[in-house]
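Each chain gets a letter, A, B and so on, in the order the sequences are listed, and its residues count up from 1.
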Amino acid sequence: MFDTHDYMKRVLVPAAEAFSSAGQLPDIFMRYDLPLDAYHQADIEARIRTVHGFWNKTKTNPKYRSLLERLLSEVELRASRALLDDEARSLARGVVREERKRRAEAQFTDLDRTIRMISGKGYITPEERTMLVTRYKSDVITETDIRARVKVPEKAAPILLPEEKDALPLTTRKQIRNNLAVLSKRDLYEFLDLASPSPKAEVTARWQRKNAEVQVGGADFRKTAAQELLGIIKTHLIDGDPARYETSRRWEIIERLDRDIETAGADRHIDREEFKTLLASALSYGLTEETARDYIRGLAQRRNLGIDVPPAEGAIRCAGCHAMQPGMERDRCSSCGAPLWLDCPSCRRRVAASEAACGACGFFLANHQIAKLEMRQAQLAINERRWGDALAAAREVVRLGWLEREAKGLRDHAEAELRGLEEARQRIDAELVAKRLHAALKQAEDLKRRAGGHRFRDGSTAADLRATISTLLAGAAQHVVQARTHELAGRLREAVFSYQAALAVAVDDDDAQKGLERCPPEPPTGARAVLTGARVEVQWSRSPAHGDIQYLVVRGAGRAPLTPADGQQVARTTNLACPDDGAKSGSFVFYSVFTDRSGVLSPPAKSEGLLVTQEVRDLVVEADEGIVRGTFGFDGAARVRVWRKERATPMCLGDGIEIPLNGPGTFLDRDLINGCIYYYRVVVEYISPSGSLVFTPGIVASAQPAELPAAVDALEFRWAPPSLHIQYSVPTRGAVSVYRTAGEPPWLVGTKVPISELVRLGKLLPMVRADCAADPSPPTGRALYVAATVVGDIAVIGAARALVSIQDVSQVTAESFGAYILVRWRWPDGCSIARVTWRFDTSPTAPDDRGAEGRTITRGEYEIEGGFRIEEPRGQRHHIAVFAGIQVGGNTSFSAGLAADTRALVEPQAFKVLYAVSKSFFGRKLKLTFTAGEEVELPPIIVAARSDGFQPIPTNYGAVLAVLHVRLRPRIPAEFEVSLRDVRRPLFVRALFQDPAAARSYELVGPSAKSLEVL
Amino acid sequence: MRLVCPYCFEKLGGTSPAFRCINPDPTRCPLEEDHELARYKRLTAERLPRVFPVKRPMFGDINFGVCSCGTKTTKRVCQHCHNELPGQFGTTDSFTIALIGAKEVGKSNYIAVLIHELMNRVGQQFNWSLSAIDEQTRRRYRNDFGRYLYERREVVPTTDSARVRMDVRYPLAYRLVLEQRRLGLFSHRRATSLVFFDTAGEDMKCIDVMSTEAKYIANSDGLIFLLDPLQIQSVRDRLANQIQLPQEAHDPQEILECVDDLVRRMRNIKPPVKIDTPVAVAFSKIDAVRPLIDPGSPIHHASLHAGRFDVADADVMNANMRSHVAEWGGACIDRFLYNNFATYSYFGLSALGTSPDAGRLPMGVSPFRVEDPFLWMLHRFGVIPGGHGTR
């Protein structure tokens, strides 16, 4: 009996809390409140149904809604199926048990980690146990719990080290050590050639033999050493306790090892590397690894050092008590007896029981139960044809890595089945779209058998699909029954509507189709065919038939078709007319029009016969010198005739002269008068079935033959901002057109072409004068200009010339700074190179002007230099031009430089005259010495003096000491004396032109400022 | 060699140079709040690797320090302000040149063009190389100067006050390496550190602002005092209808007076004594006033410093410009300079070569005589030789 109150209290409330806090779902036994050992399938089924009912009723409660919606999801309900199969339930039980155990032990995680750490050595010390209790004892974990979880024994004094009091006396040990060293032996047993240690009887026997051997031969230090050793053996190994000798050996090792440990533990800790080094030392002293480890630990303990002991090589950890177990050959733990190894459930290789995953195949051992359960779920789903569930479970097993081959086999099988089902479903959908319901139903029944309970993407099953189709077919059948009733009652119109309604549902409904065939539609009336231009048009009147009807138009040759099979179908339409482009020119055709009602045809409505007559197409007449050439296209089997007339159109057949064809689609009219316009009418002549000739109206074209003009031989460019003018010599005959083309022209110079073809040259430029065309906006970059001379309809291709059109630089300025002339300009966009040229007589004409000097400069150089510098300019006028450049095909092309602001003029520098100033001994006179490189007569010069501490300048020059008229001859100095009487000192003197304007032509270069100062 | 921090201008000698640890692991060398640097930047103290002093050896200099965490570091910082000193600071001669002038006189344009010219055209004449010492200089020159003039072709925007923008307080530090000949026989390479300061004109309006934001002026080895002739009333009157004149700005003499006051206060120089810092009085935008200058003036010619500073040209230029300054009504400036500064000289230059068109420079930058004041300084410092030109 399911007690909902009790279920709520024990299961649902805790589950809801766990779900909201940690997102944890109850396991499948708990959620159905089933004991783990539940086995009666009917009871389990009943419980699942009951609980599902309770969930559905309770899920409106906001407190449980999120949990119950999740539990009622497809995935979770699918998981509950495991309870209904004995084997799956058994596996699920194992999984749940493990999980419950894991959750119960979650509180011990930290404690277990610590125990695992300290149990590695195979025991724990009382101090460690006390520490565990102190650290982990709480309200939840009692001391008993802690003790119970420690699986290794507790040892008080784990390591007993040998003591010196149990060893031989120190003097004896020294004697043994020294004498063994003399004989190069490791110990007394080796001296006796015995294994170490050996029984006393063997030692005695061996001693006697050795003693006899030693007595032989002369005395030497080896013999003495052997005798001493034999004495010690007699005393301590034969007559005494051999254990003391063993203790002595160990004590000596302990002493050496202790010194090593003292060094390694200087920082109060021995780390793993130090431990390994110590272990290697101990092994080299003759200890076994186990003993060596014990001694190192013991000595470290005695010195109170921290020690980090690495596990022995090949040691494994026991899964039960966590003790490290040396050697791979042990099967069970020496501490707790638990098995150390198990077989990997996936690959069957041996794996340590303490490992989480198999080192060979990577399978997580903890997943074993889950993987088994999923595998069982997959098998169950396949048996029940739940292919989606099977695929999900098989994929999970593959993900877990268990029994990879079997899991992949299941997965592939499920995938193939699902693919087949989806394909079948797609075929049914296609049939449904085409409204072939009977075919769809047949396939749906087949699919139902194959798919079982499989749900497709839209959530439906094959059974659902079949039911839907059946419902639709039932509707179609109803229509058929109604139609039949109407038909029997003679109500054919209603019967037709009902039959068509049935076919609208299922086009492959045989009953409806047969019913309609019993009620054929009436044919249309008034069928006729007429020629409209180059095509035939078929026309008819509406059929009186009811229902959805179409008209089928069929063309026949020689007679009207009686059935659609008798001719060629032209159109299927609901209109009352249709064109026919397929009728051949010259053929005699008939047309039949049928009324089509759901595939049932009426008798035909027939048209009269029609002779299909068509004109020629694409007629072109081209004039040449004294001839006209015509071309046209025509496909039919009829005769084409051409009549020509001068200056007027031939009005009818025989009006003018008939020109014979000189080939299919061409005619040539010779011996014509140049300048006269000729008209041509091209007519097609057909023969009707009755044998009479039928002519088309014809097409008219005209042409004007003319004497060929001469081609333009050359083009000249001239820049007329903002346009480019293209100039040429006007030919004696014809008019010239100039075109701008981007690429090469399609014809060579002198080629005759029809004027209609000239558009291929590109853009026609406007004419400025008879000998000049203008390009108002020449493009940047390369452009080609082509001239064509046109006379009548003929053009002769003339010269072509390329122009690299580059936007010029602008605002060119040049300024002389003595040592250089600085040229600056504004760069056009996209231009990064320019050529600067300069001449002294006139402005440079082109970038490559041979009479000019020049240099090419990049924009980067311009930026660094702050412009272009003409270094050390001559004392002449500089005409400077700057041409913008562009790289075209690896070559640099420059602009025309035609604009005015691409040029600048720099006047010659002022004529330089040097002067020096010297003072007389008493400073009463000044001597000014002028020199120049050429003969020159200078304008009047004043010698100015200022006493206010500043240098004389033209606008404020102070007192005038003298006015000099200087005439100079090349490199011959002219000297002048100037009196300094009556002038207040200190003063600053300077020679200046009396007329400041003279400084534009002459430059007086004075001495240093000091020289001009008179104190 | 007198070493001064280029940031805080405190003396850098002493026995304990400071270094900043470069250990990247803060667990081994914990970060510390750097109050000294924060005080300099006027920001909240930031947690940075620790700064520690190192005892200087008896002889020679120390160029690395070892932190208590064991990390060796060469990142030397000023022990006063904790700013990182430029590489090899103190191992070479170092000269600090401050650029002063009123607002919109063209200081930023001048410094931008000057550095460009020194690196390219002038560098070629003197066969020297000028390179930024630190990344901050490279970044600031690229972003605040070069980007405008040489990429966008527009004038450098007005510099923000150091009170507004922190990085204005940081100088542009360069290393100049050139070959010097001794007795005409032996040559050796000489490296000199040059530190340029560009400051907003508004920080020079009064002595109080200048003493906090531009106190480097007092510690500079040379001053370039940039004057805009178009701000002189007499010049404005003569050019009134010929060119577009800028707005009237601060009286240049007031700035000179503030500088004089600052230097005297901070260096404790009593009034009768002249200040020994060389001052280059440079008239900017000279291209605009060329029509007012007499035709025989050297201002119409470019300077020619072919591997040495043209002393004769500089003398003639100084005398000529001085006369023109007096002519334009600037005699008081000359008298002030004469009475307060031991060394000064006049120059005329044009950084851009032409007047900008609404802030844009469509024909690029064509500097004229921009290097003259700087070369005069270097000649005074003994870095480059002087000689008489060929003109």
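In this structure, B:Val325 and A:Phe950 have side chains that are not in contact, with every pair of non-hydrogen atoms separated by 4.5 Å or more. Within the 4.5 Å cutoff, no side-chain heavy atoms of A:Tyr820 are placed close to those of B:His301.
There is no contact between A:Tyr1002 and chain B, counting heavy-atom distances below 4.5 Å. Contacts of B:Leu352 with chain A are made by backbone atoms alone, with heavy-atom separations under 4.5 Å and no side-chain atom involved. Only the backbone of B:His300 comes within contact range of chain A, judged by heavy atoms closer than 4.5 Å. With a 4.5 Å cut-off on non-hydrogen atoms, A:Leu822 touches chain B through its side chain but not through its backbone. Neither the backbone nor the side chain of A:Phe993 comes within contact range of chain B, judged by heavy atoms closer than 4.5 Å. Only the side chain of B:Arg290 comes within less than 4.5 Å of a heavy atom in chain A; its backbone stays farther off. No part of A:Glu1013 comes within reach of chain B, as not one of its non-hydrogen atoms sits under 4.5 angstrom from that chain. Neither the backbone nor the side chain of B:Asn318 has a heavy atom closer than 4.5 Å to any heavy atom of chain A.
The CE atom of B:Met321 lies 10.0 Å from the CD1 atom of A:Ile953; values are rounded to the nearest 0.5 Å. Within the model, atoms CG of B:Asp313 and OG of A:Ser1008 stand 12.0 Å from one another, a figure rounded to the nearest 0.5 Å. Once rounded to the nearest 0.5 Å, the distance linking CD of B:Glu327 with CG of A:Asn956 reads 5.0 Å.
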*asked:* The test is side-chain contact (heavy atoms from CB on, under 4.5 Å); show your working for B:Arg369 and A:Phe817 and say whether it passes.
replied: CA-CA 11 Å; B:Arg369 282 182 175 268; A:Phe817 288 104; over 6 Å; no

*For A:Gln951 and B:His324, what are the C-alpha separation, side-chain angles and deciding distance, and is it a side chain to side chain donor-acceptor pair (under 3.5 Å)?*
CA-CA 9 Å; A:Gln951 193 184 55; B:His324 281 97; over 6 Å; no

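Looking at every heavy atom in both residues, B:Val316 comes nearest to A:Pro1007 through CG2-O, 4.1 Å. Annotation for B:Pro367 and A:Gly866: closest pair CD-CA, 4.3 Å, computed over non-hydrogen atoms. B:Tyr150 approaches A:Glu863 most closely through the heavy-atom pair CE2-O, 4.2 Å.
Partner of B:Ser366 under the side-chain hydrogen bond (donor to acceptor under 3.5 Å, both in side chains) criterion, out of A:Arg869, A:Glu815, A:Arg824, A:Glu865: A:Arg824 alone.
Annotation: residues 121-131 of chain B contacts chain A through B:Arg121 [non-hydrogen atoms, separation under 4.5 Å].
Judged by distance alone, with hydrogens and angles left aside, the side-chain atoms of A:Tyr862 form a donor-acceptor pair with the main-chain N or O of B:Met363 at under 3.5 Å.
The environment of A:Gln811 atom CD is dense: over 12 non-hydrogen atoms of other residues, nucleotides or ligands sit within 6.0 angstrom. For A:Glu871, the CD atom is densely surrounded, since the number of other residues' heavy atoms within 6.0 Å is greater than 12. Within a 6.0 Å sphere centred on OH of B:Tyr338, heavy atoms belonging to other residues, nucleotides or ligands number 12 at most. Counted within 6.0 Å of CZ on B:Arg28, heavy atoms from surrounding residues, nucleotides or ligands total 12 or fewer; the atom is thus considered open. Within 6.0 Å of atom OH in B:Tyr148, more than 12 heavy atoms from other residues, nucleotides or ligands are found, so the atom counts as buried in its surroundings.
Comparing A:Ser816, A:Gly949, A:Gly867 by heavy-atom pairs within less than 4.5 Å of chain B, the highest count is held by A:Gly949.
Qualifying side chain to side chain donor-acceptor pair (under 3.5 Å) partners for A:Thr856, counting only residues two or more places apart in sequence or in other chains: A:Arg835.
Taking a cutoff of 4.0 Å between a charged side-chain nitrogen and a carboxylate oxygen, B:Asp294 and A:Arg990 qualify as a salt bridge.
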